[in-house]
Amino acid sequence: MKKILIIPVFALFAITPSLSFGQTTKKKTTKTAKTTSPAKAAVATAADIAEGKALLAKSDCMACHTLDTKLVGPAYKNVAVKYPDNAESYDQLAGKIINGGAGVWGQIPMSPHSSLSVSDAKKMVKYILSLH
Ligand code: HEC
């Protein structure tokens, strides 16, 4: 009598973990898909990048920066390697361009650009971070 009872109980335990495992993997996939879409939406458009490039050429940026060689400030290509191309970097670096500052690439400070709008500074950052 005891043996007959043990077998079905064991069978139930064997099936249950595989069922619940199947459900968790399904949930995880949907979660990943949801989190990637807002990040994609934040990535720069071709128009933003082109405008950023033009704004940068009009400003004093190239007096201290070049695309691929360190001058007074870091090469833009090295900035593009250091920061991910996302909304958080646009905010952070636009703030740095407007307010100036030192300490990330060395002790020489970048001069502030307080007349730049946040939106223009972000376009410049989008251009710089597109230079991988
Ligand atoms: C007077 C020289 C100078 C000018 C002009 C200048 N920069 Fe810089 N820039 C620097 C220096 C020096 C650094 C490194 C600062 C540091 O180490 O924190 C830097 C850093 C940066 C960084 C990286 C910031 C970080 O925190 O990693 C970006 C992006 C940048 N500059 C963009 C610009 C743009 C865009 C302009 C024009 C609007 C500009 N810079 C004008 C000297 C300059």
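Counting starts at 1 for both ligands and their atoms, in listed order.
Ligand 1 lies out of reach of V125, whose nearest heavy atom is not under 4.0 Å from it.
Minimum heavy-atom separation, I49 to K126: CG1-O, 3.9 Å. The two residues A102 and I108 have their closest heavy-atom pair at CB-O, 3.8 Å. Across all their heavy atoms, W105 and K82 have their closest contact at CZ2-CD, 3.3 Å. Pairing each heavy atom of A80 with each of I128, the nearest pair is CB-O, 3.4 Å. Taking all atoms of both residues into account, the shortest heavy-atom contact from A75 to D68 is CB-C, 3.5 Å. Nearest heavy atom pair, residue V104 against residue Y83, reads CG1-OH, 3.6 Å.
When hydrogens are left out, the protein atom nearest atom 5 (C) of ligand 1 is D60 OD2, 3.4 Å; that is the closest non-hydrogen contact. In this structure, atom 41 (C) of ligand 1 lies nearest to the protein heavy atom H113 CE1, 3.4 Å. Nearest protein heavy-atom neighbour of atom 18 (O) of ligand 1: K96 NZ, 2.6 Å. Atom 36 (C) of ligand 1 has its closest protein heavy atom at C61 SG, 2.8 Å. Looking at atom 15 (C) of ligand 1, its nearest protein heavy atom turns out to be G101 O, 3.6 Å. Protein heavy atom in closest approach to atom 13 (C) of ligand 1: P74 CD, 3.5 Å. Annotation: atom 2 (C) of ligand 1 to nearest protein heavy atom, C64 SG, 1.9 Å. Atom 27 (O) of ligand 1 has its closest protein heavy atom at Y83 OH, 2.5 Å.
Formation of a donor-acceptor pair under 3.5 Å by the Y76 side chain with backbone atoms of Y127 is not found in this model.
Counting heavy atoms from C-beta on, the side chains of D48 and K122 never come closer than 4.5 Å.
Within the listing of ligand 1, atoms 12 (C) sit less than 4.0 angstrom from a heavy atom of V72. Heavy-atom contacts of G106 reach the following atoms of ligand 1: 17 (O) (cutoff under 4.0 Å). For ligand 1, the atoms sitting less than 4.0 Å from at least one non-hydrogen atom of L93 are 24 (C), 25 (C), 26 (O), 27 (O), numbered in the order shown with element in parentheses. Within the listing of ligand 1, atoms 12 (C) sit less than 4.0 angstrom from a heavy atom of P109.
To the nearest 0.5 Å, atoms CG (L116) and NZ (K123) are separated by 11.5 Å.
With distances taken over non-hydrogen atoms, the option nearest atom 21 (C) of ligand 1 out of H65, Q92, K70 is H65. Atom 30 (C) of ligand 1 has its nearest heavy-atom neighbour, among M62, M124, K82, M110, in M110.
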Derivation of the side chain to side chain contact (heavy atoms under 4.5 Å, CB included) call for V125 and Q92
CA-CA 9 Å; V125 175; Q92 183 189 338; over 6 Å; no

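By the neighbour-count criterion of 12 heavy atoms within 6.0 Å, atom NZ of K96 is densely surrounded, having more than that number from other residues, nucleotides or ligands.
Between G103 and ligand 1, at least one pair of N/O atoms sits closer than 3.5 Å. In terms of polar-atom proximity, W105 is counted as a contact of ligand 1, with an N or O under 3.5 Å from an N or O of the ligand. Between A63 and ligand 1, not a single N/O pair is under 3.5 Å apart.
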